[in-house]
Enquirer: 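The structure under discussion is supplied below as C-alpha cells; questions concerning it will follow.
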Number of protein chains: 2
Amino acid sequence: MESLEYYIKEYFGVLKQDELKVVCDKFKAQILPKGAFLMRQGQPAHQLSFIKSGMVRLYTQDDGKEITQWISTPGYFVTEISSFMFGGSSRWNMQALTDVDLFSIDRTDYQKILKEVPQWHEFEKLFIIKCFTILENRVYNHLSKSAEERYQDFFKQNPSLFNQVPLQYIASMLGMSPETFSRIRNKQLS
Amino acid sequence: MESLEYYIKEYFGVLKQDELKVVCDKFKAQILPKGAFLMRQGQPAHQLSFIKSGMVRLYTQDDGKEITQWISTPGYFVTEISSFMFGGSSRWNMQALTDVDLFSIDRTDYQKILKEVPQWHEFEKLFIIKCFTILENRVYNHLSKSAEERYQDFFKQNPSLFNQVPLQYIASMLGMSPETFSRIRNKQLS
DNA sequence: ATAATTTCTTGATTTTTGTCAAGAGAAAGC
DNA sequence: GCTTTCTCTTGACAAAAATCAAGAAATTAT
C-alpha cells in the first residue's frame, strides 16, 4: 500500500495523513493473470485501478482492426474516465499484458471519498488538467511529427517499455503499422 | 451576458441563480480586432475567455512551420489551461481570425469564484473530464483514420467552419497539408 | 477600381507509410 | 524437448500524403 500512498500524494497533492489513509483504504488489492480483462468495450467502467506491477493495454476493436490507445505501466492510474465518472459504456478494452498487481476502487467507494475528504474534487481537477495537458501534446505530435519522430520521442521517454511488451502494440499506439515500426527500429539500432 | 450565463449553465452544470450571477459578473466584455493576439506562445496565459462571436485560432510556431492546434468558435471557452491554472508559459499563440467579441476573466478574478461558489472545483472537474474525453477521441482519430476520413468526420460536425476560416488552418488542425486537404475537398464536392 | 497580398488549386514528383506475403525468431503450451 | 502459436522482420509493391512550383481565385489594402 505504500506505493499507492506515495503516488496519490504525488498526483493528487498533499493530503493530511488521515485523509490519505481514508483514500487508500478504499482501494482493494487485486491480482489479475496475463490476458484477463479489467474492462470491456461497450460495458460500463466500474472501477479505477492503480497499477502496482505489470502492464495493461487499452485498445478498441472496430470492424476487425485493433487500435491500441495506451499501455499503462506501474505507478499510474487507469480507467475509462468518462464511463467511470458519468456512467455510460467504455470506449475500449483494458487487458492485462502481464500478470498484474493492482489497487482498485469501485465507483460506489470512490464517491464516498468526497464525504471524508472535502478537497477531493479539487485534487481530481488538478490531476485531470495534467492528464489533459499531456493529451494535448500527444495530439500535437500527430499534427506535427512523422512516424519516425514519434518513435524517437516515445523511445526517449519510455525506453524500458520496448523490451517488455509486444512492439506491435507500441506501433499502434504511436499511429503506425508494425512494419513501419520495425523498419524505424532497425534504422535506430544501426 | 445572457449567452455566457446560458453556456456556463450548459457546461458547468446547474448553479443557483445567485451563484451564476457571481460567476458571470467576473467576466468582462472584451472586443478584439482581427489579427490581434489573446495570448502569445512562451508567455503566461493570464485569462480565460468565452467567445461570444468571431473565431480564434490556437497555433504554435516552431522552427518556421506553423501548426494550428484548434479553432475556437462562438459558445466555447478558450485558454491554455495548463498555463492558466498552474502558471508557466503558454504552448501556443491565440489569435483572432475575425473581429472577436469575448467575455474574459483573469486569473485573479477566476480564483475568487471559489470563495463564493464552493462547488466550483466540482464543476471545473466535470467540465475538464468532458474536454479530456473529446481529446481522447481526437487522438483515436489519428491512430485509426486516414486524412480523408478525418476530413469527412470533421466536416460532418463543423460544416459551417469551412466557409468561415482559411482552409489551410483546418488542414493543419486535422494533421494534413493544405494540398492534401484541397484534393480531398475537391473529391467531396464532385 | 486597381494593385498587392493571401489563399487555394492543380500537376508533377518524391517521400512516407501501408499492405501483402513469406520466412525467421521468440514465446508459450504440451 | 518439441510443437504450436504469436511476434517480428524483410522484400516487393501499392497507396497515401508531402513537397515543390506555378498559376488561378479570392481577399485586402490603397
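To find a chain, count down the sequence lines: A is the first, B the second, and so on, and within it residues start at 1. Just so it is clear, the structure is predicted and the values come from calculations on it, not from any experiment.
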Enquirer: Determine, using the 4.5 Å side-chain heavy-atom cutoff (strictly less than), whether A:Leu135 and B:Tyr140 are members of one ILVMFWY cluster.
Expert: yes
Enquirer: Taking a hydrophobic cluster as the set of Ile, Leu, Val, Met, Phe, Trp and Tyr residues connected by side-chain heavy atoms closer than 4.5 Å, whether directly or through intermediates, do A:Leu102 and A:Trp92 fall within one such cluster?
Expert: yes
Enquirer: How many whole angstroms separate atom CG of B:Leu97 from atom P of C:dT6?
Expert: 15 Å
Enquirer: Keeping A:Asp99 on the side-chain end and A:Lys34 on the backbone end, is there a donor-acceptor pair under 3.5 Å?
Expert: yes
Enquirer: Considering only heavy atoms, which members of residues 138-172 of chain B lie under 4.0 Å from some atom of DNA chain C?
Expert: B:Pro166, B:Leu167, B:Gln168, B:Tyr169
Enquirer: Is the closest side-chain heavy-atom distance between A:Tyr59 and A:Gln69 below 4.5 Å?
Expert: no
Enquirer: For B:Arg91, which residues count as a salt bridge (Lys or Arg N to Asp or Glu O under 4.0 Å) partner, sequence neighbours excluded?
Expert: A:Glu136, B:Glu80
Enquirer: Please tabulate, one pair per line, all N/O donor-acceptor pairs under 3.5 Å involving side-chain atoms of residues 40-50 of chain B, not counting sequence neighbours.
Expert:
from, atom 1, to, atom 2, distance (Å)
B:Gln41, OE1, B:Gln61, N, 3.0
B:Gln41, OE1, B:Asn93, ND2, 3.1
B:Gln41, NE2, B:Gln61, O, 3.4
B:Gln41, NE2, B:Asp62, OD1, 3.3
B:Gln47, NE2, B:Gln30, OE1, 3.3
B:Gln47, NE2, B:Ser49, OG, 3.1
B:Ser49, OG, B:Ser104, OG, 2.7

Enquirer: In a table with atom names and distances, give each donor-acceptor pair under 3.5 Å that connects a side chain of residues 115-128 of chain A to protein atoms at least two apart or in another chain.
Expert:
from, atom 1, to, atom 2, distance (Å)
A:Glu116, OE2, A:Lys26, NZ, 2.8
A:Trp120, NE1, A:Tyr110, OH, 3.1
A:His121, ND1, A:Glu124, OE1, 3.4
A:His121, ND1, B:Lys125, NZ, 3.2
A:His121, NE2, B:Glu122, OE1, 3.3
A:Glu122, OE1, B:His121, NE2, 3.3
A:Glu124, OE1, B:Lys125, NZ, 3.0
A:Glu124, OE2, A:Tyr110, OH, 2.6
A:Glu124, OE2, B:Lys125, NZ, 3.4
A:Lys125, NZ, B:His121, ND1, 3.2
A:Lys125, NZ, B:Glu124, OE1, 3.0
A:Lys125, NZ, B:Glu124, OE2, 3.4

Enquirer: So do the side chains of A:Phe27 and A:Ile8 get within less than 4.5 Å of each other, counting heavy atoms only?
Expert: yes
Enquirer: Just list the side-chain donor-acceptor pairs under 3.5 Å for residues 152-159 of chain B, sequence neighbours left out, or say none.
Expert:
from, atom 1, to, atom 2, distance (Å)
B:Gln152, NE2, B:Gln188, OE1, 3.4
B:Asp153, OD2, B:Lys145, NZ, 2.8
B:Asn158, ND2, B:Phe154, O, 3.3

Enquirer: Only distances under 3.5 Å count here; give the side-chain donor-acceptor pairs of residues 166-178 of chain A to other protein atoms, sequence neighbours excluded, each with its distance to 0.1 Å.
Expert:
from, atom 1, to, atom 2, distance (Å)
A:Ser172, OG, A:Thr68, N, 2.8
A:Ser177, OG, A:Thr180, N, 3.2
A:Ser177, OG, A:Thr180, OG1, 3.1

Enquirer: The criterion is side-chain contact (heavy atoms from CB on, under 4.5 Å); which residues satisfy it with B:Thr108, sequence neighbours excluded?
Expert: B:Asp106, B:Lys112
Enquirer: When you list every nucleotide of DNA chain D with an atom under 4.0 Å from a heavy atom of chain B, which one comes first 5' to 3', and which comes last?
Expert: D:dA17 to D:dT28
Enquirer: Quick one, A:Phe162 with A:Tyr151, criterion ring-ring contact (aromatic ring centres under 6.0 Å, His included). Give me CA distance, side-chain angles, the key distance, then yes/no.
Expert: CA-CA 11 Å; A:Phe162 285 64; A:Tyr151 176 101; 5.5 Å; yes
Enquirer: State, yes or no, whether a side-chain contact exists between B:Ile31 and B:Val100 at a heavy-atom distance under 4.5 Å.
Expert: no
Enquirer: Pairs in or reaching into residues 179-190 of chain A: which pass salt bridge (charged side-chain N to carboxylate O under 4.0 Å, His left out), with residues at least two apart or in two chains?
Expert: A:Glu148-A:Lys187
Enquirer: What residues from residues 179-187 of chain B pass a heavy-atom cutoff of under 4.0 Å to DNA chain C?
Expert: B:Glu179, B:Ser182, B:Arg183, B:Arg185, B:Asn186
Enquirer: Considering only nitrogen or oxygen atoms on both sides, find all protein atoms under 3.5 Å from nucleotides 24-29 of chain C and state each distance.
Expert:
from, atom 1, to, atom 2, distance (Å)
C:dA28, OP1, A:Lys34, NZ, 2.9

Enquirer: Bend across the helix from C:dA1-D:dT30 to C:dC30-D:dG1, to 10°, with axes taken over 5 pairs at each end?
Expert: 60°
Enquirer: Name the residue from A:Thr79, A:Leu97, A:Leu58 that meets the side-chain contact (heavy atoms from CB on, under 4.5 Å) definition with A:Ser72.
Expert: A:Leu58
